[in-house]
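Computed from a predicted structure; not experimentally measured. In what follows, chains carry the letters A, B, and so on, assigned in the order in which the sequence lines appear, proteins first and then strands, with residues in each chain numbered from 1.
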Amino acid sequence: MRETVRKSVLAALEDLGDEWALGEVPAFEVEVPRSDAHGDMACNVAMQLARPLRQSPRKIAERITGLLGQSSDLYAAVEIAGPGFINFRFSSAFWYHSLGRILGEDPTFLRPQTGGGKRVQVEFVSANPTGPLHIGHGRGAALGLALSNLLEAAGYQVEREFYVNDAGRQVRLLGLSVFARYQELLGERVSMPEDGYHGEYVRDIAQRLLDEKGERYRGLESEECGQEVADWACGVMLDEIRMDLEAFGVRFDTWKSEKELYTNNAVQEALSNLRKSDRVYTHEAASWFRSSLFGDEKDRVVVKANGEFTYFASDIAYHKDKLDRGYDAIIDIWGADHHGYVPRVSAVLQAFGYDKSKFQVLLVQIVNLLRGGEPVKMSKRAGDFITLKEVVDEVGADTTKFIFLTRRSDSHLDFDIEVAREQSPENPVYYVQYAHARINSIFRQAPAKGFGKIEKASLRESNLTRLNEAEDIGMIRMLCRYPLVFEDAARTHEPHRITFYLQELASLFHTYYTKHRVLVEEDHELARARMALAWAVEVVLKDGLSILGVHAPEQM
RNA sequence: GCGCCCGUAGCUCAGUUGGAUAGAGCAGCUGCCUUCUAAGCAGCGGGUCGGGGGUUCGACUCCCUCCGGGCGUACCA
């Protein structure tokens, strides 16, 4: 739809090229106007040309439209409006042709291929394996999943990665906490670390430790077996995380271990590499990374005075490793509370000679968990919080994902469990799924109404010109907007645009459904044309939902 | 103090990389099921886009400033 108009305009500009002596064609936009009164597509090219040509936009627009009118049966009307917009209204023929393409066998019509096979890595969730996933991780997971699906559908080669922080202090603390609970189960003295993990799940892990390993650690000091218990507990926790994500419908291609970055000396090598180029230096017995050279506000410690690596040290190695793997772009999805981290990681890329534009961070804002309007108290310290699994068990994976994707990721989100679980109209996912189910219901009804079993592919041969009600054309027009929304969503990395579009599409279909009967028994030709239209709606709904990672049920 | 994000209808949020008359859902009110699923539809009301300046043909969008909310500012992870 956009390309059609763009081509028309460019052709006209070419015809006028000699007269206007334009070197470069200036950037111009072709958009779906806000108001229907302004046609199906609007173009601002005349306004963009006004300055270089030193002519009024309307005069320029007249010349362009003069050439468009005669050339094509694509448009029903091309008008000049406002300060110099050129408004295009498509012909019925164009709409029928487009509908045919949606029903056609080329899936890239709905999914403009902007990826060109480029390799993109999306890293998300990456929760510490020291406790269960909470609702905030769920939001990151939903976004990462949808974005990955979206980019993949747009022709990128996508790799989904979970970075496992299985090294360092937090995992050590988990081990000590589990060991303490284990001792408790054995009736021994308990030495729970001061800042250890106090959640109930730690007791569960300890019980499993006892079940699986028996009394093997009885009487030992934490120094003797802490590492072993920590590694084991970390593995258990990671399995649980993996299962919770699976239940949520999220799957990763790779799980990258932080610990490995140490055992294979990647951290050490990355730092000495940087030291050679003086990007790492020693100051007051600590080693510092010169991130201020690349836009960070100050340099950052990578090796503390006591010889320990900071968390940032492995992050340097990790991001270097990612880039060395040859991706064309890497996208990190982080909690918004880590936003201060962006400049220093960006500095890492630059220090290794990579273009910083290859790296993008999507920040996901906090989720406020409510129940019936009341905030749910969460204290991570006391280990008292609602897990993602509990939410998913209660409200369902589809609803949870859909709600997360009804907001842009960097806005705060109130998630009310009570509202979400009530399968009420307040719940937008059902609204969209219901439209899909209704269409399927029509096709189920068809045989009983004397249409026989409908082979959908045969609907491609139906007489689409019978779709001549205003609502028919409106419906097709909405469907044709999908590729534009898809393209914009992929370009901006904003899957929520798909979500909003699907709600609009569902709304238009519900209206259509109420007003016009599809299975018109006295006019099979019309009925088949409408079935073709309904099928197209189904196809688009299913396509959009699949990108969000949400099911499209055939019955509800 | 400095830095980043946010401020749009009573509530929750969209607003297409500067476009035309700022939208949707929910909540409120009024109607619609003998016909393909009422998890639906039709209609009504609701706004100094936080305030004030600036940039230009044009600003919710960009710049400055102030107010208000969140987060970050570790040799923590």
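Between the side chains of A/Y341 and A/D315, no donor N or O sits under 3.5 Å from an acceptor N or O. Checking A/D299 against A/H283 by side-chain atom types alone, no donor-acceptor pair falls below 3.5 Å.
Mapping A/R438 and A/P83 onto RNA chain B by nearest heavy atom places A/P83 at the nucleotide closer to the 5' end. Take the nearest nucleotide of RNA chain B for A/A506 and for A/D488: the residue whose nucleotide is more 5' is A/D488.
Contact of the A/L545 side chain with the A/F402 side chain is registered, since non-hydrogen atoms from C-beta on lie closer than 4.5 Å. Side-chain contact check for A/R438 versus A/Y513: some heavy-atom pair is nearer than 4.5 Å. No side-chain heavy atom of A/E3 sits under 4.5 Å from any side-chain heavy atom of A/V30.
Using P as the reference atom, B/rU61 and B/rG50 are 8 Å apart when rounded to the nearest Å. Look at the C1' atom in both B/rC60 and B/rG47: the space between them is 12 Å, to the nearest Å. The same atom, C1', is picked in B/rG19 and in B/rU56; the two are 12 Å apart, to the nearest Å. Atom name C1', nucleotides B/rG46 and B/rG1: the rounded distance is 42 Å, in whole Å.
Considering every non-hydrogen atom in both A/D398 and A/Q433, the closest pair reads OD2-NE2, 3.4 Å.
Stacking is not found between A/F500 and the pyrimidine-like six-membered ring of the B/rA14 base under the 5.5 Å centre-distance and 30° plane-angle cut-offs.
Set against B/rC36, B/rA14, B/rG19, the side chain of A/Q445 has B/rC36 as its closest nucleotide. Distances from the side chain of A/E494 to the nucleotides B/rU35, B/rA38, B/rG15 place B/rG15 closest. Nearest to the side-chain atoms of A/R407 among the listed nucleotides B/rC36, B/rA14, B/rG40 stands B/rA14. Out of B/rC13, B/rU17, B/rG15, the shortest distance to the side chain of A/R491 is found at B/rU17.
For the pair A/R408 and B/rG15, the criterion of a side-chain N or O lying under 4.0 Å from OP1 or OP2 is met. Under 4.0 angstrom from either OP1 or OP2 of B/rC36 there lies no side-chain N or O belonging to A/H510.
Within the 3.5 Å criterion, the main-chain N or O of A/N128 finds no donor-acceptor partner in the side chain of A/N165. Listed for the A/S462 side chain is no donor-acceptor partner under 3.5 Å among the backbone atoms of A/A532.
Within the 4.0 angstrom heavy-atom criterion, base atoms lie near A/A42. Within the 4.0 angstrom heavy-atom criterion, no nucleotide atom of any strand lies near A/E504. A/A81 comes within 4.0 angstrom of a nucleotide base, judged by non-hydrogen atoms across all strands. Residue A/T511 is classed as a sugar-phosphate contact, given heavy-atom separations below 4.0 Å to backbone atoms only. If you check every strand for non-hydrogen atoms under 4.0 Å, A/I439 touches nothing.
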Going 5' to 3' through nucleotides 70-77 of chain B and flagging B where a protein heavy-atom sits under 4.0 Å of the base, S where only the sugar-phosphate is that close, and - otherwise, we get SBSSSBSB
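If you take OH on A/Y197 and CG on A/L174, they are separated by 7.0 Å, rounding to the nearest 0.5 Å.
In RNA chain B, stems built from 3 or more consecutive Watson-Crick or G-U wobble pairs, each with both distances under 3.5 Å, span B:1-5 with B:69-73, B:10-13 with B:23-26, B:28-32 with B:40-44, B:50-54 with B:62-66.
Within the structure, salt bridge (charged side-chain N to carboxylate O under 4.0 Å, His left out) contacts touching residues 482-494 of chain A (residues at least two apart or in different chains) are A/R2-A/D488, A/R408-A/E494, A/D488-A/R491, A/E494-A/R497.
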